[in-house]
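Structure first, then comments.
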Amino acid sequence: MKPNLLDLFIGLNEAQLTAVTADPSRPIQIVAGPGTGKTRVLTSRVAFLILEKKIPPSKIIVTTFTKKAANEMVERLTAMLSPFEVPVSELFIGTFHSICIRLLRRYHGKCGLRPDFGVADETDTKSVMKHTCPDLGEKERAKARGYISKLKAQGITPDAYRAIPRHSAEIASVYTMYDSYLESHGLLDFDDILLYGLRLARDNGKCLDFVRHVLVDEFQDTNKVQLDLLFALGDRSTKFQHNVTVVGDPDQSIYGFRSADPASFRSMAKRYENLHQVNLNTNYRSTASILNVSEAIMGHQTAKRTSKSLRSICSVKIPVVHSKHRTNNDEARWISDQISMLKAMPHLFEYSDVAILLRSRFLSRVVEQELMKKKIPYHLVQGQAFWDLKVVRSMLDYLRVVSSDLDVLAFSRTINFPARKVGAVSLEKLLSQFQSSVGFNNVGVSDMLIGVIEGTGIKLGSGVVSGLKEYLSLIQQCREDISVAENPLDGVLAAFDRIARTTDLANCVREEKSKRSKRELRDDELPENDLEELRNQIREFEPAEEILEDLKTETEQSFLDSFLESIHFYSAEKEEAQTKVTISTIHAAKGLEWPIVFVPGLTMGVFPNYNAFKADEDEEFTVPKGDENAIDEEVRCFYVAATRSQRLLMLSSFERRAIDSETSLEVSPLLKGLGKMEPKLDTLDLGIRKLLYEAMTKKFQSVSDEERQLLEAIGGAAIVGSGITTALYAPMNAPREVSGLSGRFKRKFEGQEGQRNLNRLPHINMERRGANSEVSISSATGHSNSPLQPLVNSPKFAPPRGVTSGTGKKRLGMGRPRMM
DNA sequence: ATAAACCCTATTTTT
DNA sequence: TAGGGTTTAT
Ligand SMILES: Nc1ncnc2c1ncn2[C@@H]1O[C@H](COP(=O)(O)OP(=O)(O)OP(=O)(O)O)[C@@H](O)[C@H]1O
């Protein structure tokens, strides 16, 4: 029997339903607070468009703002749509950047790009800046680069910038040089990708006529160019004009540093006279105390704001905790103690129900150490940081040179690492030689090196030349490896191994490291492991073949190029086999939820970050829309962190850094006026224990009536009603099975962490169709050592440890594999 | 001209 | 704690 579309909508409240089923040809903007089901509305709407409005999936674009969020989206849609046999992989889902890249690969000719244009990542643009303005110091370059990016994100060209009255001539000229460097090297930086995408949409609208609907998640994160792109996509054909759905929350705008523009909501209203605006007010995620504290946090924002009155569906009165510590080490120890103590309460939660959310990545170190000591399994969401590790970076640079003879940036970074006697001066000579020849004929790096080695090119010292020889021969042999291999993967792996062997990369990096820090390196920070992980990433990579007929390119990208490009646009975060505590930045946690959330480091200078105070000062010249209010962004960041928690929110601060015990730091001003918070949680206190059990299971309140009836029918009345007895009952992260993925997203999907906020009642949902089918809850005698006797204990509800939803595939966390 | 040894510093967040 | 920048040794 085919499932019914109505089944998908059965749990939605009225406002949600209105938004989901609104007329697709009228632009709609859903503005709502955290946990109100925005994302759920968005996914339901996609289902509505496909199943009810019969729009083919391939004509629907869904954008997100991080690679990770794109994965989330695919996961949710797959879970939702695969019962309907909808080919989810045909949906056009991704970040604005990835969508633009896909279009530009196909239509490069229409906007004056060469077919083999490359992408300049942050490391590359840094190199470009160093090359363009070598006399500036590194800090000034970074600042200039920041300005340039801000300008580009608003679509301001160097000339347009010069036309602004209070501009800086210096910035203008650096901007010009920077852009022309990129252009002459066939490179696009991240901002260019959007700009070219916009140009394509505007000048060659025909290419995009296939678009029938565009949906945007986290709309508050759009910058000007992205917004224009959205408008352009929405305007595609007269027949399907303005078919745009966006969801967002201005209070959760935390990407100002990436030029996210809060004015987007207003701009959209201005642009579409008939804009349909919907609000959602029921929060299905958090307790009332968490929502109260969160609302109080937003009170710190200086910019104007519409206050929210979110209604919580969870009535358990469990307090928010704020705990102060002498040093950050003490704080980390406290966190691990709390987790251990809570964990000692039987059946209360799984490790995967816990997240530690940090303002800055580097704060994870101490926390990791303490968790390790207590043998608490954890998982560090490393995201982009993995690709920036020295070994990983170097290996990728080598592979880039192997793949493209024109990649001078990667060449410059690898030629003398490890040292080959090719120092700054020799490199500079080589580069200027390359600059002058590359325009005329198609001389690549290796041709140039051959010239130098054979004496027909520029003259360099003999030590240098032998270094070049070594390098060249490595690169050539790698190319040979790839060309003779039976399949592309084997070729790349052979080249990989050759590079690792010949250069001894891992050892080089390790020596560099240990030279500085006198102590022994812990074995969790061995470069070998990172290199091994990179190799696994390559091995598991499946190039996404273009599904949409219109977007097939004449020449296919090589396996290696696909892989190198995928790093920037697709996330490869993987599922954890065991249940583990999550450590993540707040930014990477956006849109997710956990029953228990720790937010440490609420210390002046750490959170709010010290830099936020500096940002406002130095505006000697006009950069339109700089981050005027960096502090406000810190406020919102804290808001996002707090609202990730479903039940237990544990805030903490430290007074001094262990490393510098002289300076004492104030408690974060963000904590002022948040009302009463408990200094600690006494897990031995019976009252508290009772509250905890209640809190952790009360999510059953959000069960729909139908589900509640089902529960009651099977004897779960006590569970829905009262609380304590039910502790046992909620493996809050029952593993889910999701199948039916294919093609483009298969690989990505398979890498997921457990605790997604995909509807959290999987064990019930799955069985919803037949009240008499598999829901067998056997009564069981509970654990005799607990005062809180389990009422039921079925494998269905409490899967034994170690059972996972896994696909059976080997997996190694994308984070550095760390020993527990 | 290169490599090694040194000091300094300031530490966001992501495409 | 790693990277940038500077100085010194080869
Ligand atoms: N109508 C509903 N009934 C029960 N649960 C719901 C309903 N709508 C949403 N939820 C649940 O509420 C939680 C939050 O939903 P969702 O992630 O869609 O919110 P959101 O508004 O996108 O949050 P955020 O702004 O933090 O990203 C999820 O666990 C979701 O399953």
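Residue numbers start from 1 in every chain, and the chains themselves are labelled A, B, ... in the order their sequence lines are given, proteins ahead of strands.
- Contact record, A:S652 with A:P600: OG-CA, 3.3 Å, taken as the closest heavy-atom pair.
- One can place CZ of A:R359 at 12 Å from C1' of B:dT14, the figure rounded to the nearest angstrom.
- An OP1 or OP2 oxygen of B:dT15 is reached within less than 4.0 angstrom by no side-chain nitrogen or oxygen of A:K152.
- The residue A:K590 sits apart from the nucleic acid: no heavy atom pair falls under 4.0 Å.
- Listed nucleotides: B:dT15, B:dA3, C:dG3. Nearest to the side chain of A:T66: B:dT15.
- Rounded to a whole Å, the CG atom of A:L136 is 10 Å from the P atom of C:dG5.
- Counting only heavy atoms from C-beta on, A:H97 has its side chain closest to B:dT15 among B:dA1, B:dT15, B:dT12.
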Check: protein-nucleotides 8-11 of chain B nitrogen or oxygen pairs below 3.5 Å:
residue: B:dT11; atom: OP2; partner: A:N611; partner atom: OD1; Å: 3.0
residue: B:dT11; atom: OP2; partner: A:K614; partner atom: NZ; Å: 2.8

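- Rounding to whole angstrom units, NZ of residue A:K421 and C1' of B:dA3 are separated by 7 Å.
- The side chain of A:S426 lies closest to B:dT2, out of C:dG3, C:dG5, B:dT2.
- The listed nucleotides are B:dA3, C:dG5, B:dT15; the one nearest the side chain of A:N416 is B:dA3.
- Taking 4.0 angstrom as the limit, A:S98 places none of its side-chain polar atoms (N or O) nearer than this to OP1 or OP2 of B:dT15.
- When distances are taken from the side chain of A:K130 to each of C:dG3, C:dT1, C:dG5, the shortest belongs to C:dG5.
- Across the interface with DNA chain B, nearest-nucleotide mapping of A:A588 and A:V422 shows A:V422 to be the residue nearer the 5′ end.
- Judged as a side chain to side chain donor-acceptor pair (under 3.5 Å), the pairs with a partner in residues 246-256 of chain A (not counting sequence neighbours) are, in order, A:D249-A:Q252, A:D249-A:K308, A:D251-A:R305, A:D251-A:K308, A:Q252-A:R644.
- The pair A:E370-A:K373 counts as a salt bridge, with a side-chain nitrogen and a carboxylate oxygen less than 4.0 angstrom apart.
- For the pair A:L389 CG and C:dT1 P, the computed distance is 15 Å after rounding to whole Å.
- Looking at heavy-atom distances under 4.0 Å, A:E633 makes no contact with the nucleic acid at all.
- Side-chain atoms of A:T585 lie closest to B:dT14 of the nucleotides C:dG3, B:dT15, B:dT14.
- Using a 4.0 Å heavy-atom distance criterion, A:D189 is classed as making no nucleic acid contact.
- Remark: A:D561 engages no residue in a salt bridge (charged side-chain N to carboxylate O under 4.0 Å, His left out) (not counting sequence neighbours).
- Aromatic ring centres of A:F117 and A:H185 lie farther apart than the 6.0 Å criterion allows.
- Rounded to an integer number of Å, the gap from A:L357 CG to B:dT12 C1' is 15 Å.
- Under the side-chain hydrogen bond (donor to acceptor under 3.5 Å, both in side chains) criterion, A:E655 pairs with no residue, sequence neighbours left out.
- Residue contacts shown for A:G461 are absent, as no nucleic acid heavy atom lies under 4.0 Å away.
- Considering only the side chain of A:V425, B:dA1 comes nearest among B:dT15, B:dA1, B:dT14.
- Between A:E140 atom CD and C:dG4 atom P there is a gap of 15 Å when expressed in whole angstrom units.
- Residue A:R636 places none of its side-chain N or O atoms closer than 4.0 Å to OP1 or OP2 of B:dT13.
- Scored by the salt bridge (charged side-chain N to carboxylate O under 4.0 Å, His left out) test, A:E331 finds no partners at all (sequence neighbours excluded).
- Between A:T95 and A:E634, the residue anchored nearer the 5' end of DNA chain B, judged by the nucleotide with its closest heavy atom, is A:E634.
- In this structure, A:Y255 does not count as stacked on the base of B:dT14 under the 5.5 Å centre distance and 30° plane angle limits.
- Comparing the same atom, C1', in C:dG5 and in B:dT12 gives a spacing of 23 Å after rounding to whole Å.
- A:R413 and A:D397 are joined by a salt bridge, as a carboxylate oxygen and a charged side-chain nitrogen come within less than 4.0 angstrom of each other.
- Across the protein-nucleic acid pair, A:K126 atom NZ and C:dA2 atom C1' stand 10 Å apart, rounded to whole Å.
- A:F65 comes within 4.0 angstrom of sugar-phosphate atoms only, judged by non-hydrogen atoms across all strands, and of no base.
- Legend: residues meeting salt bridge (charged side-chain N to carboxylate O under 4.0 Å, His left out) with A:K152, ordered by chain and number and at least two apart, are A:D179, A:D189, A:D192.
- Note: CD (A:E138) to P (C:dG3) measures 11 Å, nearest angstrom.
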